[in-house]
Protein chains: 2
Amino acid sequence: MLRMTKQADYGIVLMTHLAARAGRQFSAPELAAETRIPLPMVSKILKLLVREDLLVSHRGVKGGYALARAPRQITVADLISALDGPIAFTECIEDTPGSCSQEGICGVRDNWQRINQAVRHALEGITLADLTQPLASPLVQLGSGRGAELRA
Amino acid sequence: MLRMTKQADYGIVLMTHLAARAGRQFSAPELAAETRIPLPMVSKILKLLVREDLLVSHRGVKGGYALARAPRQITVADLISALDGPIAFTECIEDTPGSCSQEGICGVRDNWQRINQAVRHALEGITLADLTQPLASPLVQLGSGRGAELRA
DNA sequence: CCAAAACAGGACGGTATTGGTCCTGTTTTG
DNA sequence: CAAAACAGGACCAATACCGTCCTGTTTTGG
């Protein structure tokens with residue numbers, strides 16, 4: 001179905017929530033309550049985001065999580081790759097050179113990168129700051145970016 | 001891992017193959033041999049593409065498949081939605097209004113559409129014609145430039 | 001100094017989707 | 001009328017994902 005996992009989905013909701021109230025620190029239970037996402041999931045996701053340096057955490061009774069950078073410095077691409085792994089639509093990533101049965105003949109392989117880049121680029125163009133803005137801003141064109149230039 | 005299914009993957013390979021030799025007609029066994037994709041899969045995929053009007057088929061002994069339109073008129077988005085269903089990263093498609101537990105509070109929902117559109121738009125910008133071209137179109141530079149800027 | 005609250009880091013199972021095969025038609029060529 | 005190829009499903013095995021739980025470790029406050 002070509003959709004991202006629920007982890008990333010939830011992750012974006014949580015981060016957007018944090019971005020909208022930036023500065024403050026939120027505990028996992030707090031966030032779970034406010035977003036209606038099951039606590040264990042919230043916990044799991046936040047831990048991952050800390051490991052990827054997108055959140056900072058404070059332990060202890062009054063502990064919690066806060067954004068590691070300004071909302072404008074965190075892209076949707078960052079979140080998705082942190083939670084779902086590298087953004088690679090195709091399996092055709094040339095790490096393991098024997099993995100592709102096509103090898104010599106394929107001829108599409110270079111173009112695979114084109115697709116991956118297009119998507120990655122689209123997702124890099126959307127920041128948390130964008131997601132906290134109510135609606136319909138001129139930023140949208142920026143986000144889709146590449147296409148504009150294509151058609152222009 | 002945020003990747004498309006193998007069906008779509010294979011589908012793009014097959015269609016690119018056809019686009020590169022446009023005009024001619026290919027049988028499923030032929031395509032299977034040339035792309036090294038297992039025949040049953042090839043068959044299954046081509047049938048789906050016919051149903052979505054991206055291919056036309058001829059039955060009978062000398063039957064086969066051919067593109068339904070010019071390569072430039074078929075986008076990667078077309079292929080993916082034909083094989084993997086509608087391009088919707090999030091489950092948050094408002095067909096069924098009760099499906100989202102957030103409903104009132106969410107506040108991200110509008111922005112979901114923003115992400116979906118960005119990706120859809122990126123994929124609509126790539127046609128089969130692009131994929132048959134060897135390499136290095138103006139698209140590529142754009143991709144690298146922007147990511148660097150964001151991380152800096 | 002100890003108890004409670006919160007983060008850290010895994011392990012674990014049920015479920016749904018996907019990848020892939022196969023089978024039974026129907027159409028066309030020669 | 002036989003063979004080759006498309007049409008349209010049903011079907012199973014493997015995988016990945018969703019969600020939970022358990023056992024630490026750190027910090028606050030009485």
Side-chain angles (χ1 to χ4, degrees), chain A residues 1-14 18 24-33 35-66 68 80 82-86 88-91 99 101, chain B residues 1-14 18 24-33 35-66 68 80 82-86 88-91 99 101:
Chain A
M1 259 172 244
L2 182 66
R3 64 164 190 270
M4 61 183 157
T5 66
K6 248 176 185 174
Q7 264 195 14
D9 191 319
Y10 288 162
I12 294 177
V13 171
L14 291 167
L18 280 170
R24 256 201 68 191
Q25 174 181 261
F26 285 81
S27 73
E30 252 178 316
L31 285 171
T35 61
R36 312 281 167 90
I37 299 173
L39 173 59
M41 267 282 110
V42 172
S43 209
K44 180 185 200 167
I45 292 168
L46 295 176
K47 280 180 257 179
L48 286 173
L49 292 172
V50 168
R51 262 192 245 176
E52 297 291 329
D53 294 318
L54 295 170
L55 288 177
V56 291
S57 65
H58 290 128
R59 289 187 160 195
V61 175
K62 308 199 75 167
Y65 297 89
I80 294 182
L83 295 173
D84 286 359
F89 264 42
T90 163
E91 315 201 343
S99 64
S101 59
Chain B
M1 261 179 234
L2 182 64
R3 63 164 191 269
M4 61 183 157
T5 66
K6 248 176 185 174
Q7 265 195 11
D9 191 320
Y10 288 162
I12 294 177
V13 172
L14 291 168
L18 279 170
R24 256 201 67 190
Q25 174 181 260
F26 284 82
S27 73
E30 252 179 316
L31 286 171
T35 60
R36 314 279 168 88
I37 298 173
L39 173 59
M41 268 281 110
V42 171
S43 209
K44 179 185 202 168
I45 291 168
L46 295 176
K47 280 181 258 180
L48 287 173
L49 291 173
V50 169
R51 261 192 247 177
E52 297 290 329
D53 295 317
L54 295 171
L55 287 178
V56 291
S57 65
H58 290 128
R59 289 186 160 198
V61 175
K62 307 198 75 170
Y65 298 90
I80 294 181
L83 296 172
D84 287 359
F89 265 40
T90 162
E91 313 200 346
S99 64
S101 58

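Between A/A82 and A/L54 the shortest heavy-atom distance is CB-CD1, 3.7 Å. Closest approach of B/S27 to B/G63, counting heavy atoms only: CB-O, 4.1 Å.
Here CD of A/Q7 is found 5.5 Å from CG of A/L48. Values are rounded to the nearest 0.5 Å. To the nearest 0.5 angstrom, A/L39 atom CG is 12.0 Å from A/E30 atom CD. A/I37 CD1 to A/S43 OG: the interatomic distance, rounded to the nearest 0.5 Å, is 12.5 Å. A distance of 5.0 Å separates OH in B/Y65 from CG in B/L46, rounded to the nearest 0.5 Å. B/L18 contributes atom CG, which lies 10.0 Å from atom CD of B/Q25 (distance to the nearest 0.5 angstrom). A distance of 6.5 Å separates CG in B/L83 from CD1 in B/I45, rounded to the nearest 0.5 Å.
Separating the CG atom of A/L31 from the C1' atom of C/dC7 is a distance of 13 Å, rounded to the nearest angstrom. Look at CD on A/E52: it is 15 Å from C1' on C/dA8, rounded to the nearest Å. Atom-to-atom, CD1 of A/I45 to C1' of D/dC18 comes out at 10 Å; the value is rounded to the nearest Å. The CG atom of B/D9 sits 12 Å away from the C1' atom of C/dG19 (whole-angstrom rounding). Remark: P of D/dC6 and CD of B/E30 are 9 Å apart, rounded to the nearest angstrom. The distance between atom CD1 of A/I80 and atom P of D/dC17, rounded to the nearest whole Å, is 13 Å. One can place CG of B/L39 at 14 Å from P of D/dA4, the figure rounded to the nearest angstrom. Atom NZ in A/K6 sits about 19 Å away from atom P in C/dG14, given to the nearest Å.
Regarding contacts with the backbone of C/dA6, every side-chain N or O of A/Y65 stays at 4.0 angstrom or more from both OP1 and OP2. Contact annotation: A/Y10 does not reach the phosphate of D/dC18 (side-chain N/O to OP1 or OP2, under 4.0 Å). The shortest distance between the side-chain N/O atoms of B/S57 and the OP1/OP2 oxygens of D/dA7 is below 4.0 Å.
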### Task
Start with the C-alpha distance between A/V13 and A/D9, add both sets of side-chain angles, then the distance that settles side chain to side chain contact (heavy atoms under 4.5 Å, CB included), and finish with yes or no.
CA-CA 7 Å; A/V13 171; A/D9 191 319; 4.2 Å; yes
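Between B/R51 and B/F26, the residue whose closest nucleotide on DNA chain D is further toward the 5' end is B/F26.
Taking every side-chain heavy atom of B/M41 into account, C/dG19 is the closest of D/dC6, C/dG19, D/dC18.
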### Task
For DNA chain C, just give me the dot-bracket, please: Watson-Crick or G-U, both distances below 3.5 Å, ( ) intra-strand, [ ] crossing earlier pairs, | paired with another strand, . unpaired.
||||||||||||||||||||||||||||||
#### Entry: Footprint string (nucleotides 22-30 of chain C, 5' to 3'): B base within contact, S backbone only, - free, heavy atoms under 4.0 Å
----BBBBS
